[in-house]
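For reference, the structure discussed in these notes is given below.
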2 protein chains.
Amino acid sequence: MSTRTDIALRAIRRLAETKREAGAGLAAALDVTPTYLARILSPLVRSGWISSKQGPSGGYALSCDPGDLSVLDVIEAVEGPVDSGHCVLRDTNCSSASPCSMHDAWSRARDALTKELRATPVAACTQGRST
Amino acid sequence: MSTRTDIALRAIRRLAETKREAGAGLAAALDVTPTYLARILSPLVRSGWISSKQGPSGGYALSCDPGDLSVLDVIEAVEGPVDSGHCVLRDTNCSSASPCSMHDAWSRARDALTKELRATPVAACTQGRST
DNA sequence: TGAATCCTTGACTCAATAAATCAAGAATAA
DNA sequence: TTATTCTTGATTTATTGAGTCAAGGATTCA
């Protein structure tokens, strides 16, 4: 998992408490720069899970219920779609018709993983460290 | 998954057929250099799953039943232990006592993944492409 | 012993990607 | 208008996996 996803999850947790907060304060709380935070949050804004407003008294606000948002949603927004079609092997053009040596085993394993992440709401996983 | 693991799995499949083969021939069949193959296979040799012998009439041979070897075994040998203790986050020192924001959710997901890979014997996953 | 064969490994290069930053710019409230 | 705040293209740095090179050790056979 990427550190960006971790930052995004911690940002969501904090927004669930502060209701609305400017990027500067939020970034300071998460110990990242405001610009970097904006970059991480932008796909979540585009997805509609977080709302942003520019100008004075602007900032970020949660626009969804963290109980209805899955960890998989956040991962896919921040890191891009999981892309079940393409294989885990790097430069391999692997398909069901011409599978790599791991195709079946890994497909099952990945399904197990994504199923678990899809079933986990963000609200259930943001109880971690506070910094 | 790494390409090294893929190469290792294909090497095991071939060794299951050829019984014993020099690295040069095996490497040619897998389309990698002998040196690179040796590097990939060395941890499997140390683990005792493959035996190697130097000198003329030497080479590699399978010293275990591919039905008793799990995909997880190979992955951990080639890529290093999955390290359930350490977190998925990069430079984070995360533990149960001081968990990161994803600790619980990811632990469950990883358990689901490793369980699947542990239950898959190498013999069941090496039916993929031949090159 | 000597030579050919074969595996092992430390050090290294290269490429791809994630992480993080900078600065210019657009939106908005007062 | 002005101060505030988010947005984003371009760039830089750090990390990691992939793959190579060359020297060296082990073993067989003549």
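Heavy atoms only: backbone and side chains are in, while hydrogens, waters and symmetry mates are out. None of these values were measured; they are calculated from a predicted model. Order of the sequence lines fixes the chain letters, A, B, ..., with proteins taken first and strands second; residue numbering starts at 1 for each chain.
When rounded to the nearest whole Å, the span between CZ of B:R20 and P of C:dC6 equals 12 Å. Atoms CD1 (A:I7) and C1' (C:dT21) sit 13 Å apart, rounded to a whole Å. D:dG19 atom C1' lies 13 Å from atom CG of B:D31, rounded to whole Å. C:dT21 atom P lies 11 Å from atom CZ of A:R4, rounded to whole Å. Between B:L37 atom CG and D:dT20 atom P there is a gap of 12 Å when expressed in whole angstrom units. Atom P of nucleotide D:dA18 and atom CG of B:L30 are separated by 15 Å, given to the nearest angstrom. Following rounding to the nearest Å, B:I75 (CD1) and D:dG17 (P) show an atom-to-atom distance of 14 Å. Distance B:E21 CD to C:dC7 P: 10 Å, rounded to the nearest Å.
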**OP:** Could you walk me through whether A:K115 and A:D111 pass the side-chain contact (heavy atoms from CB on, under 4.5 Å) test, one step at a time?
**Re:** CA-CA 6 Å; A:K115 179 183 175 186; A:D111 288 349; 6.0 Å; no
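B:T3 has a side-chain polar atom (N or O) that falls below the 4.0 Å cut-off from OP1 or OP2 of D:dG19. The shortest distance between the side-chain N/O atoms of A:S42 and the OP1/OP2 oxygens of D:dT7 is not below 4.0 Å. Within the 4.0 Å cut-off from OP1 or OP2 of C:dC7, not a single side-chain nitrogen or oxygen of B:S51 is found. Phosphate proximity of D:dT20 to B:Y36: absent, as no side-chain N or O sits under 4.0 Å from OP1 or OP2. Residue B:T33 places no side-chain N or O under 4.0 Å from the OP1 or OP2 atom of D:dG19. For the OP1/OP2 pair of D:dT4 and a distance below 4.0 Å, the side-chain nitrogens and oxygens of A:K53 include no atom meeting the criterion. Between B:S52 and C:dC6, a side-chain N or O to OP1/OP2 separation shorter than 4.0 Å is absent.
For A:R14 (side chain) and A:L26 (main-chain N/O), no donor-acceptor pair under 3.5 Å exists by modelled atom type. Distance alone, capped at 3.5 Å, places no donor-acceptor pair between the A:R4 side chain and the A:V78 backbone. Side chain of A:D68 to main chain of A:D65: no donor-acceptor pair is present (N/O by atom type, distance under 3.5 Å, no hydrogens or angles). Between the B:T5 side chain and the B:I75 main chain, no donor and acceptor come within less than 3.5 Å of each other. B:S52 contributes no side-chain N or O that, together with a main-chain N or O of B:G59, makes up a donor-acceptor pair within less than 3.5 Å.
Base contact: A:A38 has a heavy atom under 4.0 Å from a base atom.
Side chains of B:D6 and B:T3: no donor on one and acceptor on the other come within 3.5 Å.
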Protein-nucleic acid N or O pairs under 3.5 Å, nucleotides 9-13 of chain D:
residue: D:dG9; atom: N7; partner: A:R39; partner atom: NH2; Å: 2.9
residue: D:dG9; atom: O6; partner: A:R39; partner atom: NH1; Å: 3.0
residue: D:dG9; atom: O6; partner: A:R39; partner atom: NH2; Å: 2.8
residue: D:dA10; atom: N6; partner: A:R39; partner atom: NH1; Å: 2.8

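Nearest-nucleotide positions on DNA chain D place A:G55 closer to the 5' end than the other of A:R46 and A:G55.
With distances taken from any side-chain atom of B:Q54 to the nucleotides C:dC7, D:dT28, C:dT28, the minimum falls on C:dC7.
Here the CD atom belonging to A:E21 is positioned 11.5 Å from the OH atom belonging to A:Y60, to the nearest 0.5 angstrom.
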